[in-house]
Peer 1: 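Okay, here's the structure, questions in a sec.
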2 protein chains.
Amino acid sequence: MAQNRPCVVVQEVGLRDGLQSIAQTLPTADKLHWVDAAYAAGVRHMEVASFVPARLLPQMADAARVVAHAKTLPGLVVTSLAPNLRGAVDALQAGADRVVAPISVSHAHSLANVHRTPEEMVAEFGRMRAQLADSPTQLIAGLSTVFGCALQGTVPQADVCRIVTACLDAGADTIALADTTGHATPLQVGRVIEAVREIAGVRLTAMHFHDTRGMGLANTVVALEHGIREFDATVAGLGGCPHAPGATGNVAAEDLVFMLENMGYDTGIDLARLVAVRDIPARALPQEPLYGSIARAGIPATYPYQP
Amino acid sequence: MAQNRPCVVVQEVGLRDGLQSIAQTLPTADKLHWVDAAYAAGVRHMEVASFVPARLLPQMADAARVVAHAKTLPGLVVTSLAPNLRGAVDALQAGADRVVAPISVSHAHSLANVHRTPEEMVAEFGRMRAQLADSPTQLIAGLSTVFGCALQGTVPQADVCRIVTACLDAGADTIALADTTGHATPLQVGRVIEAVREIAGVRLTAMHFHDTRGMGLANTVVALEHGIREFDATVAGLGGCPHAPGATGNVAAEDLVFMLENMGYDTGIDLARLVAVRDIPARALPQEPLYGSIARAGIPATYPYQP
């Protein structure tokens, strides 16, 4: 295998997006074990928690402990979600390297998810920016429902561009685009990236695809062609959105790594060890369905593809 | 929706590839119902049978009846598989518009599947060509295990090119490339198409992807970018290969149509009516798992994408 393969970041977001819509609370020890196992597999970017009030989301009551533990692992870039100023302050105190603010482009989803309009969330994002101004912590504008919304239907591209502009004006370090509800398809992915790239340039860095309708990897191929080099995914494809009926999980990290490495990209991740991380949710969350094709079909002898 | 969208052919191959590895024989009446329902949904290309001895594959004992029925539907292009001269003669007599000969590039898979080496199959293909010389029936060289093989492992690209050349020399009308065992990934798909295109030009027409490792639609995106405009798929993603352990089904036709129409291609297929075809295997083959994301998650209100 060539030494100079281009790198692609696979950010494992199972402990945040994978768990947030699951009723059963994953014990803290399992979360730390999950972080350690993913790290041992070579994962160097993880979104490990959401700083929200524990009464609203008991699953995330141990966010500070999980972030603090993740920060003990050398070279691990630790990201936390924070839906408001208070959460950003907590994430900063816990030591997160990056804070991502979820900003729904869909008005209906924004109200359901954070009880604020998109414009109110952008204003809150500005307050988060001011709070983090003197810290090295990066602030990511994580736009959700970018490609459609289960509640609202179509999400106009013009609305996406308007929110991107507002977030950049408010001081976003980077922009990430999320297909929260599995509406994105390849042509649209290319069009939206092109439009956002015009506004955000290199500050558009990452995509977050759900695999609700099986389009996650096809969309990833198009995003790669448009220069995106960071993708969210979860072990076993866990995930969904509590405010998006029928939405199943994120892209399975194992399948994503399999595809990327076979395409000549360097993810730094050992696929067999990543597959083994599935044992943690399989044991600790026995009622949750696990997704992903590689774990079922096996890693073929031809992996990775040698052109 | 614009009137001049580029056309892409989705060939439904459920009655051939979907059924050939299933122990339970689907009654002829259900097969005819399946053909009618797919046709009513707008499908205009179907591979409906395999002409093999009934003692080897009882599932296909009614091949001639199924082909004859399919031929009563105006404008339906009816394809049959035939692994040898005898099968091609039978397919021709039954009235098939196209006969596809399965030619494994993998030596090991070829022996397991048709008890002949690839070279022996190419020689048989020449005899099939001579037999069909005076008929309008098209003869397709359907190369299988093009991207890897569960038995042999790597399938060298040079072997693919050698068999393509031999099939063209033997008089193939067109070439179709199959990922029989779900080994293909996007970079490889592009490389192989480019190499085969150099040899076959416009006679390389079709791809047949299995979704064993979840790569079917990602591979399709790359094939589209390389000019391929015909794809095999099965309703509910039925299928597999009896001689490829762990190989699960074909790309689900519903998911493929969803993606293609959202990408601006015209398949001529009504997605909701295609999803409804699933009722036939669901009822008649209750022990078979049905695959496909669109049927589970639903067709969103945003379908089809309007750029």
Side-chain angles (χ1 to χ4, degrees), chain A residues 147-150 152-155 157 181-191 210-222 224-225 237 245-248 251-252 254-256 258-265 291-307, chain B residues 147-150 152-155 157 181-191 210-222 224-225 237 245-248 251-252 254-256 258-265 291-307:
Chain A
F147 300 92
C149 171
Q152 172 179 309
T154 300
V155 173
Q157 192 170 300
T181 52
H183 280 71
T185 46
L187 176 66
Q188 182 185 22
V189 168
R191 296 278 174 93
H210 279 244
D211 205 34
T212 316
R213 292 184 175 84
M215 302 291 137
L217 294 179
N219 291 337
T220 300
V221 166
V222 173
L224 286 164
E225 291 171 348
T248 48
V251 169
E254 313 91 87
D255 294 2
L256 177 60
F258 175 77
M259 186 180 85
L260 290 170
E261 292 281 335
N262 272 316
M263 292 177 76
Y265 294 106
Y291 301 96
S293 298
I294 297 305
R296 187 191 66 234
I299 303 171
T302 53
Y303 176 84
Y305 171 57
Q306 307 283 354
Chain B
F147 301 92
C149 171
Q152 171 181 310
T154 300
V155 172
Q157 193 170 299
T181 52
H183 280 71
T185 46
L187 177 65
Q188 183 185 21
V189 168
R191 295 278 174 94
H210 279 244
D211 206 34
T212 316
R213 292 182 175 84
M215 301 292 137
L217 294 179
N219 291 335
T220 300
V221 166
V222 174
L224 287 165
E225 292 172 347
T248 48
V251 169
E254 312 90 87
D255 294 2
L256 177 60
F258 176 78
M259 186 180 84
L260 290 170
E261 293 281 335
N262 274 316
M263 293 177 76
Y265 294 106
Y291 300 96
S293 299
I294 297 305
R296 187 191 68 234
I299 303 170
T302 53
Y303 176 84
Y305 170 58
Q306 307 282 355

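Convention: sequence-line order gives letters A, B, ...; per-chain numbering from 1.
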Peer 1: I'd like to know whether A:Thr302 forms a side chain to side chain contact (heavy atoms under 4.5 Å, CB included) with A:Asn262, so could you lay out the CA-CA distance, the side-chain angles of the two residues, the decisive distance to 0.1 Å, and finally the verdict.
Peer 2: CA-CA 9 Å; A:Thr302 53; A:Asn262 272 316; over 6 Å; no
Peer 1: At a 4.5 Å cut-off on heavy atoms, which part of A:Arg213 comes close to chain B: side chain, backbone, both, or neither?
Peer 2: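 Backbone plus side chain of A:Arg213, per the 4.5 Å heavy-atom cut-off to chain B.
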Peer 1: In terms of heavy-atom proximity below 4.5 Å to chain B, should A:Asp211 be classed as side chain, backbone, both, or neither?
Peer 2: backbone
Peer 1: Is there a donor-acceptor contact under 3.5 Å from the side chain of A:Glu254 to the main chain of A:Leu256?
Peer 2: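 Not at all, since once roles are kept as given, no pair shorter than 3.5 Å links the two residues.
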Peer 1: Of the backbone (N, CA, C, O) and the side chain (C-beta and beyond), which part of A:Thr185 lies under 4.5 Å from a heavy atom of chain B, both, or neither?
Peer 2: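 For A:Thr185, side-chain heavy atoms alone lie under 4.5 Å from chain B.
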Peer 1: For each of A:Gly214, A:Pro186, A:Gly148, A:Ala301, tally heavy-atom pairs with chain B at distances under 4.5 Å, and name the one with the top tally.
Peer 2: A:Pro186
Peer 1: Going by the rule ring-ring contact (aromatic ring centres under 6.0 Å, His included), which residues pair with B:Phe147 if we only count those two or more places apart in sequence or in a different chain?
Peer 2: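 Once residues adjacent in sequence are excluded, B:Phe147 has no partner under the ring-ring contact (aromatic ring centres under 6.0 Å, His included) criterion.
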Peer 1: Side chain, backbone, both or neither: which part of A:Val222 has a non-hydrogen atom closer than 4.5 Å to chain B?
Peer 2: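 For A:Val222, the side chain is the part near chain B, not the backbone.
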Peer 1: For B:Gln157, what residues pass the side chain to side chain donor-acceptor pair (under 3.5 Å) criterion, not counting sequence neighbours?
Peer 2: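 Partners of B:Gln157 under the side chain to side chain donor-acceptor pair (under 3.5 Å) test: none.
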Peer 1: Under 3.5 Å, is there a donor-acceptor pair between the side chain of A:Asn219 and the main chain of A:Ala184?
Peer 2: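 Yes, A:Asn219 side chain to A:Ala184 backbone: donor-acceptor pair under 3.5 Å.
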